[in-house]
Visitor: 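Once you've had a glance at the structure underneath, I'll fire off some questions.
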Amino acid sequence: MKINQKISSFVGIFFIILIVFFIEFWNYNQHYIQEIKDKRIAEYHTSLDSIISLMQESYLSIAFENTYWDEMVTFVSHQDDVWAEENLDMTTLNFEYTAVYNEKNDIVYYAQLHEKEDMLLNTFNKISLDLTNPTFYNYYIKHNGNLIQLFISPIQPSLDAQRLSKPRGYLLMGKRITREYLNKLEKQTNHKIKFITKNENENFDFIHPFLSDSKDEIEHIGINVPSETIDVASEIFKNQLIIITSSAILLILCLIFLIYNIIVKPLKRLTDIIEGNEKIDSIDKMLDRKDEFGTIVKSIKNHFEQIHLLEEYKRTVDISSFVSKADWKGNITYVNDQFCNISGYTRDELIGKDHNIFRHEDMEKSIYKELWNTIKIDKKPWFGKIKNKAKDGTAYYVNTVINPILDSNGTLIEYIAIRDDITQHEETKNDLKEQYSIASDKYEDVLYLSKSYEYAIEESNIILRLDLNRNISYGNDKFCEISGYSRSEIVGKSYSILNHPDVKSEDIKKIWEVLESGKTWKGDLKNLSKNGDTYYSIATIVPIKNKNGNIIEYIGIRKDITELVNLHNEIEETQRELIYKLGEIGETRSQETGNHVKRVAEYSKLLALKTGLSTEEAELLKYASPMHDIGKIGIADSILNKPGKLTPAEFEVMKTHATIGYEMLRGSNRPILQTSAIVAYYHHEKWDGSGYPRGLKNDEIHIYGRITAIADVFDALASERPYKKAWNLDKILNLLKEGKGTHFDPNLIELFLENLDDFLEIKEKFN
């Protein structure tokens, strides 16, 4: 159901603004935190580079002792081992490997702190030193799993401090990068930077690479920045978020109050009017509303007026005829006052009884057999004369029309019988028969009497005569009146001009097969008038034979039942529409849609047919299933539309909607409402007994409830709602499969999956 357009727009805009604000607020704070983090990383990175450079310079502080470099030049030329042992001591220089090369790139001195790594010398020998490069540089190598940092400095006289001439050799020193080395760097930063080796953790704030002489990365360490500053920013963000969320909740509560007064409260009044708890006159106060509620109010008022009009039609029929109704089993469900008067029984004495209570012993059993065969097996109207017995034993005669009422699928629902009292006529007729036997001296009187009967039949019935070619040879005034044709327009014309397009050619063919075989045909006819209107009649068509037994023409005698059929159709349509409206109201209170109840109705009918239920039951379930959640009318909005998870106490209240719906509907005598009560009561029960309200399991759960449960869950998950997105098909099917044998009837789930394409076709049709 639509809500007031202005309120709907306001609610939509409010929530869009709220969502956009939260998204922007979240993005801003994340950006703010990242900005702080990036700033700290940059500061620590700069600090790290400075520390590493400082340490490199400290290792090479010897480069600033001029006399030392002059001695190094002398050592490269003369290779004085004594001088080397005194001045190239690795412990003093704080290195683990030392090597000296001359200008020919030959090694003239080599020493290492760890004797087990003698192969390092081979590695040094493979180094291609560019002795033309006068600058200092460093790089890293990998040896026996160790990462080694190499420092290389040209050997030149102290007078050539600018390193402009060709070097006399090179001094190469190496140091392993160990955990102790990294700890020393951490200490230099007052432990603000945490070094983690590659194998310890893969998630770093930034990476420090170790490059080879060809600038390739051969190893790296990860560096993590302390999170104190970031944690403070995050805490500020959380506090801001709490303040904003509280403000949003306050606004939402104001909005809920506004919606309750403008929408929910008027809707409750409409519900009370529909349930009969409030007078229809009170609806007039809401007619002036210009929104959707005003439209709904007008629609409901029109429905009540139509129902009132139908009641007037029914009252007219009740005054003029004896009316009774029976269910499809033949038990009396309704009698009017006229019927009670002629039979002598009270209404309470008749309801639920069989019509045999009126049977007169003079009536032959074959007549009743033919009657039931016509209305129950052939599903055709039966009409004829019946002699009944009143409660006091007196006989009375009625001219009777019994019409079987079928639904749109041709399933028998009930019978409606309309009778006219012809007791006086029959008694007079019997007296005349006794007085006027067919004898030669009474022939003229009998002929006159016959003419009188013919006139009486003409005046009270629709008469049509056809020749052997099925052309109309005669139609009385009543036929011309109902068909809209004048006598001159129809005489000589084929009867086919009266055929209605809805009537199947096979059915017409069967009628003529009966007549041409010489038998009388009885049934109901649907014809088309001259101006295109549809009219209905109960007809008896008799083949007229000559004394030799040959058919010479056909005479049809009809009773007009157009008003009765239209009245019944209008009543049924009104009932179904009201049921759908009530179902939609129940769904609207929990933010469902009108199409939801339509799809659930169609799913339920299809699954009912697939499981083997009769067409009658499947159609009944279709019209009843929209009321499965009608009990939600009795659930408070604060629980029904709560956005979060319900508390145990709230869920117990929510569970009562199944019982509320059942109690609302179970007292009705209408089959549709009785079925609706069953659906409302059972559709939340689960196969394993964990459902509610009674905790039934397996076949203890009514088949209507088991079917509707699958239809309801499938459509709810497949449909988008204001509070959730639609699930994809695979996710829904997985849930149904997981619930097979626990939540759902396993046999019904199998039928559902086997016929999935049919259900998806319904989903698309009513989407």
Side-chain angles (χ1 to χ4, degrees), residues 52-161 163-178 180-181 184 209-219:
I52 292 175
S53 298
L54 180 63
M55 294 184 71
Q56 292 172 354
E57 291 174 3
S58 68
Y59 291 148
L60 295 174
S61 61
I62 57 175
F64 298 98
E65 297 180 10
N66 295 337
T67 57
Y68 180 84
W69 286 110
D70 291 336
E71 293 175 359
M72 282 289 295
V73 171
T74 303
F75 173 75
V76 171
S77 302
H78 300 91
Q79 300 178 21
D80 185 350
D81 293 339
V82 175
W83 182 91
E85 290 178 1
E86 293 178 354
N87 295 279
L88 298 178
D89 178 62
M90 289 177 292
T91 305
T92 302
L93 297 177
N94 203 18
F95 286 98
E96 296 169 298
Y97 310 101
T98 305
V100 179
Y101 293 81
N102 61 22
E103 59 185 353
K104 296 180 181 180
N105 203 13
D106 296 327
I107 190 167
V108 295
Y109 177 82
Y110 171 72
Q112 64 182 21
L113 189 62
H114 303 280
E115 295 180 359
K116 62 181 180 179
E117 297 184 6
D118 289 339
M119 289 186 65
L120 183 62
L121 180 61
N122 295 330
T123 303
F124 288 166
N125 288 337
K126 293 176 183 178
I127 297 175
S128 177
L129 294 174
D130 183 4
L131 297 182
T132 63
N133 185 356
T135 60
F136 160 82
Y137 66 98
N138 75 92
Y139 60 90
Y140 299 87
I141 64 172
K142 266 293 193 61
H143 178 66
N144 286 349
N146 291 317
L147 179 66
I148 301 173
Q149 184 178 19
L150 298 179
F151 301 90
I152 302 177
S153 178
I155 300 174
Q156 293 173 297
S158 60
L159 296 177
D160 193 9
R163 303 288 197 266
L164 298 177
S165 61
K166 179 179 179 182
R168 305 293 179 87
Y170 273 84
L171 172 64
L172 182 146
M173 290 172 286
K175 182 172 184 62
R176 290 190 301 167
I177 303 299
T178 64
E180 290 74 18
Y181 176 78
K184 188 173 184 179
F210 295 106
L211 304 179
S212 68
D213 58 337
S214 60
K215 304 302 181 181
D216 295 327
E217 180 181 329
I218 60 174
E219 183 60 276

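Along the sequence shown, residues are numbered consecutively beginning with 1.
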Visitor: Is there a side chain to side chain contact (heavy atoms under 4.5 Å, CB included) between Tyr140 and Ile177 once you walk through the steps?
Guide: CA-CA 9 Å; Tyr140 299 87; Ile177 303 299; 4.1 Å; yes
Visitor: Please name the pair of heavy atoms, one in Ile155 and one in Tyr101, separated by the smallest distance, quoted to 0.1 Å.
Guide: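 Here Ile155 and Tyr101 meet closest at CD1-O, 4.4 Å.
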Visitor: Would you check if Tyr170 and Ser153 make a side-chain contact, meaning some heavy-atom pair closer than 4.5 Å?
Guide: no
Visitor: Which value, rounded to the nearest 0.5 Å, describes the distance between Ile141 atom CD1 and Gln149 atom CD?
Guide: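 Between Ile141 CD1 and Gln149 CD, I get 11.0 Å after rounding to 0.5 Å.
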Visitor: What are the two closest non-hydrogen atoms of Ile107 and Ala99, and how far apart are they?
Guide: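 That closest heavy-atom pairing would be CD1-CB, 4.0 Å.
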Visitor: Begin with the C-alpha distance, continue with both residues' side-chain angles, and end with the deciding distance and a verdict on side chain to side chain contact (heavy atoms under 4.5 Å, CB included) for Val100 and Met72.
Guide: CA-CA 9 Å; Val100 179; Met72 282 289 295; 4.3 Å; yes
Visitor: Measuring from Phe75:CZ to Asn102:CG, what's the distance to the nearest 0.5 Å?
Guide: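 One finds 10.5 Å between CZ of Phe75 and CG of Asn102.
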Visitor: Can you name the nearest heavy-atom pair linking Val76 to Arg168, along with the distance?
Guide: CG1-O, 3.6 Å
